[in-house]
Amino acid sequence: MSNSDQLTDQRVLSLDDQDSAYEIISSDEVDRVVEVLEDLMTRVKSENIRSILDEAADEIYSLVYSEEHADADAA
């Protein structure tokens, strides 16, 4: 089986299926992960991979900061 066959056979898990509403995620952890992803983006040559890493960083950032922004707006 080739690498491309293996990739198409892999199952992609949706974040929407996970019950993340009850998990407490610290802003420190989010900041560290986003920083690592941004550093990795500077060292990646592929524009496609860089784009995916950027989307991941945005998604991770929104786990904490979108909620805080929404809570501040509601107050």
K.L.:
Nearest 0.5 angstrom please: Ser26 OG to Leu63 CG, how far?
P.N.:
11.0 Å
K.L.:
Roughly how far, to the nearest 0.5 Å, is CZ of Arg32 from OG of Ser27?
P.N.:
9.5 Å
K.L.:
Just verifying a value: how many Å separate Ile60 CD1 and Tyr65 OH, rounded to the nearest 0.5 Å?
P.N.:
12.5 Å
K.L.:
Taking all heavy atoms of Val30 and all of Tyr61, pick out the closest pair and write down the distance.
P.N.:
CG1-CA, 3.8 Å
K.L.:
Partners of Asp58 by side chain to side chain donor-acceptor pair (under 3.5 Å), sequence neighbours excluded?
P.N.:
none
K.L.:
Could you pull out every donor-acceptor pair under 3.5 Å between side chains of residues 33-43 and any protein atom, sequence neighbours left out?
P.N.:
{"from": "Asp39", "atom 1": "OD2", "to": "Arg43", "atom 2": "NE", "distance (Å)": "3.4"}
{"from": "Asp39", "atom 1": "OD2", "to": "Arg43", "atom 2": "NH2", "distance (Å)": "3.1"}
{"from": "Thr42", "atom 1": "OG1", "to": "Asp39", "atom 2": "O", "distance (Å)": "2.5"}

K.L.:
So, using side chain to side chain donor-acceptor pair (under 3.5 Å) as the criterion, who are the partners of Arg50 when residues are at least two apart?
P.N.:
Glu47
